[in-house]
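Numbering of residues begins at 1 and proceeds along the displayed sequence.
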Amino acid sequence: MATTACFVIVSRNDIPIYEAEVGSAAKREDAAQLHQFILHAALDIVQDLAWTTSAMYLKAIDRFNDLVVSVYVTADTHTRLMLLHDSRNDDGIKSFFQEVHELYIKTLLNPLYLPGSRITSSHFDTKVRALARKYL
């Protein structure tokens, strides 16, 4: 597992609908705010890249010190799955994104979930953290 990892799902309107610190590194007091800032700064790059390629997995799009931002853009809703990490496991990251995307689609199919609203399901959170342990 990566020592530092922050995973965020951002809606088409640039609103974070799910956030999780999934790394195993010791947490600094300002780490969560720093991770949010880095991921938010990468949104412009994601927007530019999404228009130039048809690929869903955009790989590493930005770097900050030893941290890397990897992104997966859904084809249907243009929702961005963003991962801030310090690992070099591209295959594991791609598999993580694909399985979380599948989990996100299942959440969208839930008639009680309003698309674009915050995902508060403990089941979803548990599954994402399990996938992070498995692939990152």
Side-chain angles (χ1 to χ4, degrees):
M1 178 181 231
T3 56
T4 300
C6 177
F7 176 68
V8 177
I9 299 177
V10 181
S11 72
R12 140 191 322 213
N13 300 324
D14 295 340
I15 299 169
I17 57 176
Y18 176 78
E19 298 177 59
E21 292 282 336
V22 293
S24 60
K27 305 289 188 263
R28 289 185 12 211
E29 186 176 309
D30 62 341
Q33 289 84 10
L34 178 63
H35 294 166
Q36 288 175 356
F37 179 76
I38 295 167
L39 289 168
H40 183 75
L43 281 174
D44 290 334
I45 298 168
V46 173
Q47 183 125 8
D48 292 342
L49 284 175
W51 287 104
T52 60
T53 183
S54 62
M56 294 174 73
Y57 177 52
L58 302 180
K59 297 189 181 184
I61 61 149
D62 198 10
R63 295 185 185 284
F64 179 81
N65 294 339
D66 61 336
L67 299 174
V68 179
V69 178
S70 295
V71 178
Y72 185 96
V73 180
T74 64
D76 51 356
T77 60
H78 296 288
T79 301
R80 281 76 43 108
L81 285 66
M82 303 178 74
L83 180 69
L84 180 68
H85 59 91
D86 59 2
S87 70
R88 305 278 182 253
N89 182 5
D90 276 345
D91 292 335
I93 291 169
K94 184 175 182 177
S95 297
F96 171 76
F97 278 139
Q98 289 172 337
E99 291 207 25
V100 171
H101 183 215
E102 184 178 326
L103 188 61
Y104 177 66
I105 289 171
K106 289 178 183 176
T107 301
L108 286 175
L109 293 174
N110 181 346
L112 301 176
Y113 175 72
L114 179 64
S117 65
R118 200 138 180 87
I119 299 173
T120 57
S121 167
S122 60
H123 176 72
F124 184 87
D125 186 59
T126 303
K127 289 279 192 176
V128 168
R129 291 178 190 279
L131 290 171
R133 279 191 299 278
K134 181 177 178 183
Y135 290 114
L136 302 180

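Shown here for Ala75 and Met56, the closest heavy-atom pair between the two residues is N-CE, 3.7 Å. Among all heavy-atom pairs drawn from Val73 and Val71, the shortest one is CG2-CG1, 3.9 Å.
With rounding to the nearest 0.5 angstrom, the CD1 atom of Ile105 is 10.0 Å from the OG1 atom of Thr79. The CD1 atom of Ile38 sits 5.0 Å away from atom CG of Leu84, with the distance rounded to the nearest 0.5 Å. Rounding to the nearest 0.5 Å places CG of Leu58 at 9.5 Å from CE of Met82. Within the model, atoms CG of Leu103 and CG of Leu131 stand 7.0 Å from one another, a figure rounded to the nearest 0.5 Å. To the nearest 0.5 Å, the span separating CD1 on Ile17 from OH on Tyr113 amounts to 4.0 Å. Put simply, OG on Ser70 and NZ on Lys94 are 12.0 Å apart, with the number rounded to the nearest 0.5 Å.
Thr74 has its side chain within reach of His101: a pair of non-hydrogen atoms, C-beta onward, lies under 4.5 Å apart. Side-chain contact between Lys59 and Ile93 is absent, with no heavy-atom pair separated by less than 4.5 Å. Within the 4.5 Å cutoff, the side chain of Ile61 has heavy atoms near those of the Val46 side chain. With contacts defined as side-chain heavy-atom distances shorter than 4.5 Å, the pair Asp91/Tyr135 does not qualify. Thr107 is not listed as a side-chain neighbour of Tyr18, based on a closest heavy-atom distance of 4.5 Å or more. For the pair Leu39/Val69, a side-chain contact is recorded, criterion being any heavy-atom separation below 4.5 Å from C-beta on. For the pair Arg80/Val8, no side-chain contact is recorded, criterion being any heavy-atom separation below 4.5 Å from C-beta on. With a 4.5 Å cut-off on side-chain heavy atoms, Ile119 and Tyr104 count as touching.
Screening residues 107-122 for salt bridge (Lys or Arg N to Asp or Glu O under 4.0 Å) gives Glu19-Arg118 as the qualifying pairs, with residues at least two apart or on separate chains. Among residue pairs with one or both ends in residues 98-110, those qualifying as salt bridge (Lys or Arg N to Asp or Glu O under 4.0 Å) are Glu102-Lys106; sequence neighbours excluded.
Between Phe96 and Phe7, a ring centre-to-centre spacing shorter than 6.0 Å is recorded.
A salt bridge between Arg129 and Asp125 is present, with a side-chain N of the basic residue lying under 4.0 Å from a carboxylate O of the acidic one.
When atom types are taken as modelled, the side chain of Asn110 and the backbone of Leu112 share a donor-acceptor pair closer than 3.5 angstrom.
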Residues Leu43, Asp14; criterion side-chain contact (heavy atoms from CB on, under 4.5 Å); working and verdict: CA-CA 8 Å; Leu43 281 174; Asp14 295 340; 4.2 Å; yes
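Linking Ile, Leu, Val, Met, Phe, Trp and Tyr residues whenever their side-chain heavy atoms come within less than 4.5 Å leaves Ile15 and Val10 in two separate clusters. Both Leu81 and Val22 belong to a single network of hydrophobic side chains, linked directly or stepwise wherever heavy atoms of I, L, V, M, F, W or Y lie under 4.5 Å apart.
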